[in-house]
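Below is one structure, written out as structure tokens, with a few remarks after it.
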Amino acid sequence: MVNLMSNLLDSTPRKDGFYMPGEFEKHAGSWMLWPERPDNWRLSAKPAQKVFAEVAAVISQFEPVTMGVSAQQLQNARKMLPHSVRVVEIASNDSWMRDCGPTFVTDRKTIRAVDWEFNAWGGLDGGLYFPWDLDDLVAREVAEVAQIDRYKAPIVLEGGSINVDGEGALLTTRECLLNKNRNPGKTQTEIEEILKDYLNVNQFIWLNRGVHRDETSGHIDNQCCFIRPGVVALTWTDDKSDPQHEISQENYEILQSTVDAKGRKLEIHKIHQPDPVLITEEESQGVTPVDGTLPRKAGDRMAASYINFYFCNGGVVVPTFNDSHDKLALEKLQQLMPDRKVVCVYAREILLGGGNIHCVTQQQPLC
């Protein structure tokens, strides 16, 4: 069911009987944003644009894809993207649709959007760039293009910081949601109440930390996700000298000791991370430095994780890194999801910008 316009609703999803479904459920389509800023993407984003186009092309084999593009990049994006990808004009500060775009909710008859506050992962206290005003409008723009009504949520939240099973359970990290640069003054209980209202969840699984060196302050989408209700995948390393080992071990113990909203113990599957991925001197030199934007320094470790994959209808799009662990990760994910086709994309260029395939996509569920 499609509205003829987008209205701002004076209510909450929970009051109206709407909830956030699991990402593994059927989609109406996917949303992305086109990269271009030279202070985050090397060589004026040209290498990143090729990979974004590849990701969009792969997803479009499974479901419709809409790419939001600035007016300046419309012609270039249309030339680089396959005709199966819809291109629409949406202004943004960068290209992280997962985090600045809407969270879609449904009552199984209608789709609506939740529009969170966005402050570029921390605002003036550790945020990754300034300004972020255009990004803060992306959720509204998507709702208007999709012609669906939206709710305006009263907290700062990025889509990559939450993961749900569609049956009342939510995964997140204290490192991110309780960070003082997101919603200072709000307690964990107060944040939970808002998430209950806007996602219609009732069971919270709080991990303490996200992936080592994750510049988003520990987003869950690099660390752990629901494969289906009752089943989670967790990034892992056997190397006890790696700082990630302590983080993953701690999170594994938390997951072992918790239950979901149905009272089920979780089935936990470890997905071994790639070896540490470091920025090269050439990659660092390709980025145009600007005050207020996180620098890309040679030798810095990036938060590479296979968990940052994207579900689509009948498929899963997984980032790879030309690493010895790629093959095992793909095989393990295929075993966990035998009814889907696991497809990989070499995604180093997206990682260089600070995220990966899940971070640059957002699913719109099917009613």
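Computed over heavy atoms, backbone and side chain alike; hydrogens, waters and symmetry mates excluded.
- When every heavy atom of Phe24 is checked against every heavy atom of Asp165, the shortest pair comes out as CZ-O, 3.3 Å.
- Nearest approach of Asp275 to Ser324, heavy atoms of both residues: OD2-OG, 3.9 Å.
- Scanning for side chain to side chain donor-acceptor pair (under 3.5 Å) contacts around Asp135 gives Tyr129, with sequence neighbours left out.
- We find that Glu117 and Lys152 are joined by a salt bridge, their nearest charged nitrogen and carboxylate oxygen being less than 4.0 Å apart.
- In this structure, the side chain of Asn222 engages the main chain of Ala303 through a donor-acceptor pair within 3.5 Å.
- Annotation: Gln188, atom CD; neighbour count of heavy atoms from other residues, nucleotides and ligands within 6.0 Å is above 12.
- Trp41 has its ring centre less than 6.0 Å from the ring centre of Trp96.
- Listed for the Glu25 side chain is a donor-acceptor partner under 3.5 Å among the backbone atoms of Gly22.
- Annotation for Asp238 and His272: closest pair N-NE2, 3.0 Å, computed over non-hydrogen atoms.
- Hydrophobic cluster membership for Val259: none, as no Ile, Leu, Val, Met, Phe, Trp or Tyr side chain comes under 4.5 Å of it.
- At least one donor-acceptor pair closer than 3.5 Å links the side chain of Arg340 to the backbone N or O of Cys312.
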May I have the list of side-chain donor-acceptor pairs in residues 347-354 shorter than 3.5 Å, sequence neighbours left out?
unit_1, atom_1, unit_2, atom_2, d
Arg348, NE, Glu283, OE2, 2.6
Arg348, NH2, Leu278, O, 2.7
Arg348, NH2, Glu283, OE1, 3.0
Arg348, NH2, Glu283, OE2, 3.4
Glu349, OE1, Arg42, NE, 3.1
Glu349, OE2, Arg42, NE, 3.1
Glu349, OE2, Arg42, NH2, 2.6

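- Scored by the side-chain contact (heavy atoms from CB on, under 4.5 Å) test, Leu330 finds Val318, Thr320, Val342, Cys344 as partners (sequence neighbours excluded).
- Within 6.0 Å of NZ in Lys341 there are 12 or fewer heavy atoms belonging to other residues, nucleotides or ligands.
- At a threshold of 4.0 Å, the pair Asp260-Lys262 does not count as salt-bridged, since none of the basic side-chain nitrogens sits closer than that to a carboxylate oxygen.
- Evaluation of the side chain to side chain donor-acceptor pair (under 3.5 Å) rule for Asp107 yields no partner, not counting sequence neighbours.
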Mind listing the side-chain donor-acceptor pairs of residues 52-68 below 3.5 Å, one per line with the distance, residues two or more places apart or on another chain?
unit_1, atom_1, unit_2, atom_2, d
Ser60, OG, Ala56, O, 3.3
Ser60, OG, Ala57, O, 2.7
Ser60, OG, Ser84, OG, 3.1
Glu63, OE1, His27, ND1, 3.2
Glu63, OE1, Asn313, N, 2.8
Glu63, OE2, His27, ND1, 2.9
Glu63, OE2, Ser30, OG, 2.4
Thr66, OG1, Arg86, NE, 3.0
Thr66, OG1, Arg86, NH2, 3.0

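- Distance alone, capped at 3.5 Å, places no donor-acceptor pair between the Tyr310 side chain and the Val316 backbone.
- Ion pairing of Glu215 with Arg296 is present here, as a side-chain N (NZ or NE/NH1/NH2) and a carboxylate O approach within less than 4.0 Å.
- Hydrophobic clustering of Ile, Leu, Val, Met, Phe, Trp and Tyr side chains at less than 4.5 Å, counting indirect connections, keeps Met20 apart from Ile220.
- Annotation for Lys186 and Ile191: closest pair CB-CG1, 4.1 Å, computed over non-hydrogen atoms.
- Residues Gly160 and Arg98 approach most closely at N-CG, 3.4 Å, considering heavy atoms.
- The existence of a salt bridge linking Asp125 and Arg182 is excluded, since no basic side-chain nitrogen approaches an acidic carboxylate oxygen closer than 4.0 Å.
- Using a 4.5 Å cut-off between side-chain heavy atoms of Ile, Leu, Val, Met, Phe, Trp and Tyr, with links allowed through other members, Ile254 and Ile307 fall into the same hydrophobic cluster.
- Around CD of Glu253, the count of heavy atoms belonging to other residues, nucleotides or ligands within 6.0 Å exceeds 12.
- Salt bridge absent: Lys196 and Glu192 never bring a charged side-chain N and a carboxylate O closer than 4.0 Å.
- Two residues are said to be in side-chain contact when any heavy atoms from C-beta on lie closer than 4.5 Å; His358 and Cys225 fail this criterion.
- Put simply, the side chain of Pro102 does not reach to within 4.5 Å of the side chain of Asp115, judged on heavy atoms.
- Here Arg209 pairs with Glu246 in a salt bridge; the nearest charged N to carboxylate O distance falls below 4.0 Å.
- Nearest heavy atom pair, residue Gln363 against residue Phe104, reads O-CD1, 3.1 Å.
- Taking the six-membered ring for Trp and the full ring otherwise, Phe130 and Trp132 have centroids separated by under 6.0 Å.
- With a 4.5 Å cut-off on side-chain heavy atoms, Trp116 and Cys100 do not count as touching.
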